[in-house]
Amino acid sequence: MHSTLSRQLTPSQREAVFHVDGPLLVLAGPGSGKTRVITHRIAALIEAGVSPYNICAITFTNKAAEEMRLRAAALGASAGAHISTFHSLCVRILRRYADRVGINTNFSVYDDADQNRCIKQAVKDCEFDTTNFPPSRMLDAISTLKNKLIDAESFKADADDFFSRTLAEIYLGYERILSERNGLDFDDLLMKAAFLLRDCPDVCGELGNRFKFLLIDEYQDTNHAQYALARALVSQHNNICATGDPDQSIYRWRGADIRNILAFESDWPDAKVVRLEENFRSTATILAAADHLIAFNRNRKDKVLIPTQAEGQAVRITAFEDEKTETKAIAQQVKELAVGGALLRDMAVFYRVNSQSRAIEEAFIKEKIPYQIVRGVEFYRRKEIRDVLAYLKILVNPLDEIALLRIINTPARGIGKTTIDRVRAYAAHNGVSFLEAVRKSDGISSLSKAPKAKLAVFANMLEQFKKDLAGKVAPLAERVFNESGLADSLRAAGAEGQSALENVNELINGAADYDQHADQPSLVDYLHQISLFSDVDVYDAASDRVALMTLHAAKGLEFGHVFIAGVEEGLLPHERSGAAENDDELEEERRLFFVGITRAKMGLYVSFARYRTIRGQSLRTIPSQFLFELGVDFTEQVEQDEYNEDDTSRPGPDLKPGQLVRHDIFGLGRVKKYTDMGENSVAVVRFNSGQTKTLMLKYANLSKVGM
DNA sequence: CATAGCCGCCTTTTT
DNA sequence: GGCGGCTATG
């Protein structure tokens, strides 16, 4: 009976696919056919008589969910299985059980810009100085707490030092502001849903009964809140299947806890564990480099990558003078490959930080190479898009003060700061919402006649829009855009208004697309969906263009030829990652590189620039230590590109951690770490100025002090 | 009340 | 090298 499904599967894949009851952990290396296993498993469950309605598969991005739906359908697995991300699932749960959580179903999902405004307000409200308590830091800390399921009250109860107590106050204030506005941030979606399941056994029972089989992909990147959700959902039936690879855990900074996957077997003692170690994606050569690199991670379970492909071409590591030469060479290599018959859509360029994309883009434009930058959220950050969405948000959620503030005078309609302040003061004083105060502006004594009239016109306009609230989104969006005056103000703005107009048109087209495909289109649902958009969601694998994306976005994808640019100390590993001080962070950066490398099927082109322009300044760089960990001898390849400069390379002194050293510019410091790589030896030095630098000894003039 | 211009912070990665 | 926020000016 398994015949059709199992035909293209290896024995271990089959083992995972046809394990029906009880907990299952699939430890899947890169390129091991993990996605296929999951989709086949969904189909196998259905074939075994499980109703699709009882299956819930969790993916990392909406894009991955969409793809999985398609693949499952292709296997004949009838529609009905719930396939989405943790965040989307939580939105659904929260909407369904809103009354149990004490929120309104029309809640706004606050993105980081909205969060910033709220946290600033909260810090101000607490009368703390924003220099001592930087809002972004506070937000980070709050996010970490939420990911750990620590709410403001319980955090405050345990706060026993000055910083914690201050943070607790800010956290409480931030939560108050969000709830006043009927807003939830990304972390809230998970936390509130997890609390709901924890505190309401009946809800937990209902959902557990609904989702009798839970499959979670990329389990190595789940955080505590997601873990708690998963545990609660499967508490009755234990039918959990987690797939992942500890070596590909790259979201530690946002709360992902690698221990979740490492502890799976003790969490579910009767778990069956299947290892998928064969790699069907990459050449043996690429795999060897990946293997060699990741072996440098000490905090890791040993694992082998078993190649099934031939050796293929060598991994290329090339040094370039600066990022312009680097990106130009990438563009030329792309052209060469294209001439040789490779498809543009089968090539990708990865980088550590988004700012690197500009140089690549410029090179590609110059060489007339079609490309796509995989950065979906950027679109929704544009001013004109945010403006239109703010109108829609306030219609759905009248408490969304941020949205209202954004549009009350956009486009300019003569409602200035003073007026706004007076209305807000009235609202605060009378305990009504900002919008309510706008509606009642006629009765606000501090306002004179002209502002009152303008506010009335504005309030009336919103009322008119509200009449169209039910039904399709695109027509309403179009109407709002035209009648709000936004369209006119953009048309009046000349050339740059033109591109803004086009963007809004794209937004409306997107909304129309949503209207067509959604089961039950509604504005709330639409807004919720787009707020959960991820970068890769715009990636169009079908269009024949080279993909440009960050290493993080590359997770889960594969390409024939992969370029990884800017593999330099400070960039990969990134200096702000804390890799110089903390081995765990260094290992995460290494995993990031590992993820990038293992995306490549045939060609891997790694490069670094010896000078890189950072904030307008050309700075000397050092090749990444990771380059030396690939087991690829790249000195010769480097030499070809004229690696001879006026630098007199000097053999580094033999340094040991703790050694006191002096540097011409940075002064005195102490060696924290020394990596002996011959003439390329690198030392991490913490200077007395407080800064920590990674220095390549042949360039940095370090001298030993004392001893 | 609108606008222009300046200052400061920023840039790691993202659902 | 860019954006957001603030201030001074009209």
Side-chain angles (χ1 to χ4, degrees), chain A residues 58-65 84-91 109-113 115-117 120 130-131 134-137 139-140 143 146-147 184-191 218 221-223 225-226 249-256 350-359 374-378 380-383 386 406 408-421 448 450-451 454 489 528-537 549-555 566 570-579 585 588-589 591-593 595-596 613-618:
Chain A
I58 306 278
T59 56
F60 200 69
T61 63
N62 293 303
K63 185 78 176 181
S84 75
T85 65
F86 264 116
H87 284 85
S88 297
L89 175 66
C90 288
V91 164
V109 177
Y110 277 6
D111 66 9
D112 42 349
Q115 286 182 63
N116 265 318
R117 304 197 67 161
K120 274 182 191 160
T130 49
T131 47
S136 58
R137 275 291 160 76
L139 211 48
D140 259 12
S143 172
K146 286 186 175 180
N147 287 158
L184 298 179
D185 64 23
F186 287 124
D187 304 314
D188 279 335
L189 299 176
L190 303 174
M191 183 174 77
E218 309 284 9
D221 278 320
T222 49
N223 63 30
Q226 291 164 330
S249 167
I250 54 175
Y251 282 98
R252 188 183 133 87
W253 50 275
R254 117 185 161 186
F350 302 152
Y351 37 82
R352 178 65 176 82
V353 298
N354 283 300
S355 58
Q356 286 173 265
S357 69
R358 172 176 290 248
V374 179
R375 189 147 171 72
V377 292
E378 200 175 57
Y380 293 94
R381 281 188 215 279
R382 290 172 196 274
K383 205 188 299 138
R386 294 193 81 112
R406 184 172 188 99
I408 193 165
N409 199 32
T410 306
R413 50 173 71 89
I415 301 173
K417 192 175 182 307
T418 335
T419 306
I420 291 171
D421 284 347
S448 53
K454 287 167 182 164
S489 79
H528 283 163
Q529 277 204 18
I530 61 172
S531 64
L532 297 178
F533 242 65
S534 73
D535 275 340
V536 286
D537 291 343
M549 68 187 90
T550 63
L551 285 160
H552 282 91
K555 169 162 148 169
L571 209 46
L572 185 66
H574 198 278
E575 58 178 339
R576 311 225 0 161
S577 67
E585 304 293 351
E588 170 132 332
E589 294 287 306
R591 288 194 292 269
L592 192 53
F593 192 27
V595 166
T613 317
I614 294 165
R615 256 174 298 173
Q617 276 202 323
S618 173

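Proteins come first, then strands; the chains are lettered A, B, ... in the order of their sequence lines, and each starts at number 1. A quick note: this is a predicted structure, and the numbers were derived from the prediction, not measured.
At whole-Å resolution of the value, CD1 in A:Ile408 and P in B:dC1 are 11 Å apart. Rounding to whole angstrom units, NE2 of residue A:His87 and C1' of B:dT14 are separated by 9 Å. Between A:Glu575 atom CD and B:dT13 atom P the separation is 13 Å, expressed in whole Å. Distance CD1 (A:Ile614) to C1' (B:dT11): 10 Å, rounded to an integer number of Å. Atom C1' of nucleotide B:dT14 and atom CG of A:Asn354 are separated by 10 Å, given to the nearest angstrom. The separation between A:Asn116 atom CG and B:dC9 atom P is 15 Å, rounded to whole Å. In this structure, A:Met549 atom CE and B:dT12 atom C1' are separated by 18 Å, rounded to whole Å. A:Leu139 places its CG atom 17 Å from the P atom of B:dT14, with the value rounded to the nearest Å.
Of the possible donor and acceptor atoms, one in the side chain of A:Asp188 sits under 3.5 Å from a partner among the backbone N and O of A:Asp185. Side-chain N or O atoms of A:Arg413 include one that pairs as donor or acceptor with a backbone N or O of A:Ile408 at under 3.5 Å. Between the side chain of A:Glu589 and the main chain of A:His574, a donor-acceptor pair closer than 3.5 Å is present.
Base engagement by A:Ser577 is indicated by at least one non-hydrogen atom pair under 4.0 Å involving a base atom. Here A:Asn62 lies out of heavy-atom contact (under 4.0 Å) with every strand. At a threshold of 4.0 angstrom between heavy atoms, the contacts of A:Tyr251 are confined to the sugar-phosphate backbone, with no base atom among them. Nucleic acid contact class of A:Asp112 (heavy atoms, under 4.0 Å, all strands): none. Among the heavy atoms of the strands, none lies under 4.0 Å from A:Ser531. A:Asp187 comes within contact range of no nucleotide atom at all, as no heavy-atom separation falls under 4.0 Å. Counting any heavy atom pair closer than 4.0 Å across all strands shown, A:Ser88 reaches no nucleic acid atom.
For B:dT14, the OP1/OP2 oxygens have a side-chain nitrogen or oxygen of A:Thr550 closer than 4.0 Å. Of the side-chain N and O atoms in A:Thr418, one or more sit less than 4.0 angstrom from OP1 or OP2 of B:dC1. Regarding contacts with the backbone of B:dT15, a side-chain N or O of A:Ser534 is found under 4.0 angstrom from either OP1 or OP2.
With the nearest nucleotide of DNA chain B identified for both A:Val536 and A:Ile415, A:Ile415 has the one nearer the 5' end. In terms of position on DNA chain B, the residue among A:Phe60 and A:Ala412 whose nearest nucleotide sits closer to the 5' end is A:Ala412.
In this structure, A:His552 does not pack face-to-face on the six-membered ring of B:dT13, missing the 5.5 Å centre cutoff or the 30° plane limit. A distance cut-off of 5.5 Å between ring centres, combined with a plane angle under 30°, places A:Trp253 in a stacking arrangement with the base of B:dT13.
The two residues A:Asp111 and A:Phe186 have their closest heavy-atom pair at CA-CE1, 4.1 Å. The minimum heavy-atom distance between A:Arg591 and A:Ser249, with the atom names listed, is NE-O, 2.7 Å.
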Check: protein-nucleotides 4-10 of chain C nitrogen or oxygen pairs below 3.5 Å:
none

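Nearest to the side chain of A:Asp535, among B:dT14, B:dT11, B:dT12, sits B:dT14. When distances run from any side-chain atom of A:Thr419 to the nucleotides B:dC1, B:dT12, B:dA2, the shortest one goes to B:dC1. Distances from the side chain of A:Ser355 to the nucleotides B:dT11, B:dA2, C:dG2 place B:dT11 closest.
Contact of the A:Asp535 side chain with the A:His552 side chain is not registered, since no non-hydrogen atoms from C-beta on lie closer than 4.5 Å. Between A:Arg375 and A:Met549 the shortest side-chain heavy-atom distance does not fall below 4.5 Å. Counting only heavy atoms from C-beta outward, the side chains of A:Tyr351 and A:Leu551 never approach each other to under 4.5 Å.
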Checklist entry - Given the rule in the side-chain contact (heavy atoms from CB on, under 4.5 Å) test, do A:Gln529 and A:Asn62 qualify, once you have shown the distances and angles that lead to the verdict? => result CA-CA 9 Å; A:Gln529 277 204 18; A:Asn62 293 303; over 6 Å; no
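Judged as a ring pair (Phe, Tyr, Trp, His ring centres under 6.0 Å), and not counting sequence neighbours, the contacts of A:His528 are A:Phe107.
Checking A:Asp537 against A:Ser534 by side-chain atom types alone, a donor-acceptor pair falls below 3.5 Å.
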Next on the checklist: Wobble G-U and Watson-Crick pairs count when both distances are under 3.5 Å; given that, what is the 5' to 3' dot-bracket string of DNA chain C, with | for pairing to other strands?
Outcome noted: .|||||||||
